[in-house]
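Bear in mind the structure is a predicted one, so any value in this text is a computation, not a measurement.
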Amino acid sequence: MLRVVLLGVLLGALAPARAAPPGPVRLVAADLPPYAIAAGGDSPGSMVEVAQELARRLGAPATVEFYPWQRALALTGVLPRTAVLPLTRTPEREPHYRWLVRLRQQHFVFVARHGSVDLRDLAGLARRPVVVLRGSPHKRTLQEMNFSTVAECASVRECMRMVGKGVADATYGGEDIHRYAANADGNREADFDFSAIVRSGDVWLGGSLDFSEDEARKWRAAHEALRADGTLARIQRKYGLAGN
């Protein structure tokens, strides 16, 4: 009997440890409708809903917290198991995040008050005051395009208000977000002109570096399953977005 007991203890010690379930995820975002909506209640934004559904399927429930964009970015660098969205993937950002899921291709455009600026004339626009979201890569992008006067705003709605009041001649950023903001603060989208697409870039869910590459692969596999079963398209339709 003693031999049987000792054998059982030995086999138990040699058995591989069962993998612990992944810990909860802290999801941080700025108020960037329709992707992330701070006051959305049951409609927190398309990308927030997608990220939370992915986390649920992976057994790592995610709470969402909203901050000014620059602070949201900073938190991902100092807090464990933290993911931020919507994050444009750029060479400068590449080593600072674990790139979990490509969420969408975003198109970048200029926006001006209706009839105030010829948005087709980029050389002329480069000499005018333009505003962009603080913490975004847009200021660097415009400076590389020889724009001479580029200021930053705390939010896209603030940028749009500055354009609406004539403080700035144009703003530059994601088309989906700016079209949504054009209908806020008593304005209508028809009050603004939108340029043709200037650039496009992939928007990601970016995680803190303590996420492993193996976890990142699981997030991407879950996203493919979300696409395959129609959940992704349903969430996008809820916010008036076409798939891409």
Side-chain angles (χ1 to χ4, degrees), residues 24-58 60-76 79 81-89 93 97 99-109 111 132-138 153-161 171 173-185 187 189 200-208 219-220 222-223 225-227 229-244:
V25 173
R26 171 182 276 141
L27 185 64
V28 296
D31 186 33
L32 292 168
Y35 299 158
I37 306 174
D42 292 335
S43 299
S46 62
M47 292 187 183
V48 171
E49 285 202 33
V50 168
Q52 289 184 314
E53 176 61 17
L54 293 175
R56 185 190 68 79
R57 294 187 181 197
L58 291 169
T63 58
V64 60
E65 303 168 12
F66 288 90
Y67 299 97
W69 182 236
Q70 202 162 23
R71 186 178 178 193
L73 292 176
L75 287 173
T76 312
L79 296 177
R81 297 193 63 78
T82 301
V84 61
L85 62 79
L87 190 64
T88 304
R89 191 167 183 172
R93 288 173 171 169
Y97 300 90
W99 298 94
L100 299 176
V101 182
R102 176 197 175 276
L103 296 171
R104 186 173 179 81
Q105 184 182 62
Q106 186 172 203
H107 302 306
F108 301 106
V109 299
V111 187
V132 298
L133 177 64
R134 184 178 297 119
S136 72
H138 303 324
C153 320
S155 68
V156 170
R157 285 180 66 172
E158 181 184 336
C159 289
M160 292 292 282
R161 283 194 291 267
T171 182
E175 183 176 9
D176 291 335
I177 295 170
H178 281 77
R179 286 194 184 276
Y180 196 100
N183 291 289
D185 301 319
N187 296 313
E189 189 175 316
S200 297
D202 287 339
V203 182
W204 285 69
L205 176 66
S208 50
W219 279 79
R220 289 192 283 275
H223 189 259
L226 210 70
R227 185 188 303 277
D229 68 19
T231 302
L232 180 60
R234 176 183 58 76
I235 292 173
Q236 290 176 331
R237 285 195 302 270
K238 176 179 176 179
Y239 294 92
L241 297 170
N244 67 21

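Heavy atoms only, all atoms of each residue included: Val84 and Tyr97 are closest at CG1-CE2, 4.0 Å. Between Leu100 and Ala83 the shortest heavy-atom distance is CD1-CB, 4.3 Å. The shortest non-hydrogen separation linking Arg157 to Ala184 is NE-CB, 3.8 Å. Annotation for Arg104 and Ala242: closest pair NH1-O, 2.8 Å, computed over non-hydrogen atoms. In plain terms, the two heavy atoms of Asp229 and Thr231 that are nearest each other are OD1-OG1, 2.7 Å. Smallest separation of non-hydrogen atoms from His178 and Gly173: CE1-CA, 3.5 Å.
Side-chain contact between Thr171 and Met160 is present, with heavy atoms from C-beta onward closer than 4.5 Å. Between Gln52 and Pro44, some side-chain heavy-atom pair lies under the 4.5 Å cut-off.
With respect to Leu103, the side-chain contact (heavy atoms from CB on, under 4.5 Å) criterion is satisfied by exactly one of Leu87, Asp202, Val50, Leu232: Val50.
Between the OH atom of Tyr180 and the CD atom of Glu175 there is a distance of 16.0 Å, given to the nearest 0.5 Å. Atom SG of residue Cys153 and atom CZ of residue Arg134 lie 7.5 Å apart, to the nearest 0.5 angstrom. With rounding to the nearest 0.5 angstrom, the CG atom of Leu205 is 5.5 Å from the CG atom of Leu85. Put simply, CD1 on Ile177 and OG on Ser155 are 11.0 Å apart, with the number rounded to the nearest 0.5 Å. With rounding to the nearest 0.5 angstrom, the CD atom of Glu49 is 3.5 Å from the NZ atom of Lys238. A distance of 6.5 Å separates CD of Glu53 from CD1 of Ile235, quoted to the nearest 0.5 Å.
For Arg93, the side-chain hydrogen bond (donor to acceptor under 3.5 Å, both in side chains) criterion is met by no residue, not counting sequence neighbours.
Side chain of Asp185 to backbone of Asn187: no donor-acceptor contact under 3.5 angstrom is found. For Thr82 (side chain) and Ser208 (main-chain N/O), no donor-acceptor pair under 3.5 Å exists by modelled atom type. His223 contributes no side-chain N or O that, together with a main-chain N or O of Trp219, makes up a donor-acceptor pair within less than 3.5 Å.
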Return a table of donor-acceptor pairs under 3.5 angstrom between the side chains of residues 24-43 and protein atoms on other chains or two or more places apart.
residue	atom	partner	partner atom	Å
Arg26	NE	Glu65	OE2	3.1
Asp31	OD1	Ala38	N	2.9
Tyr35	OH	Asp176	OD2	2.5

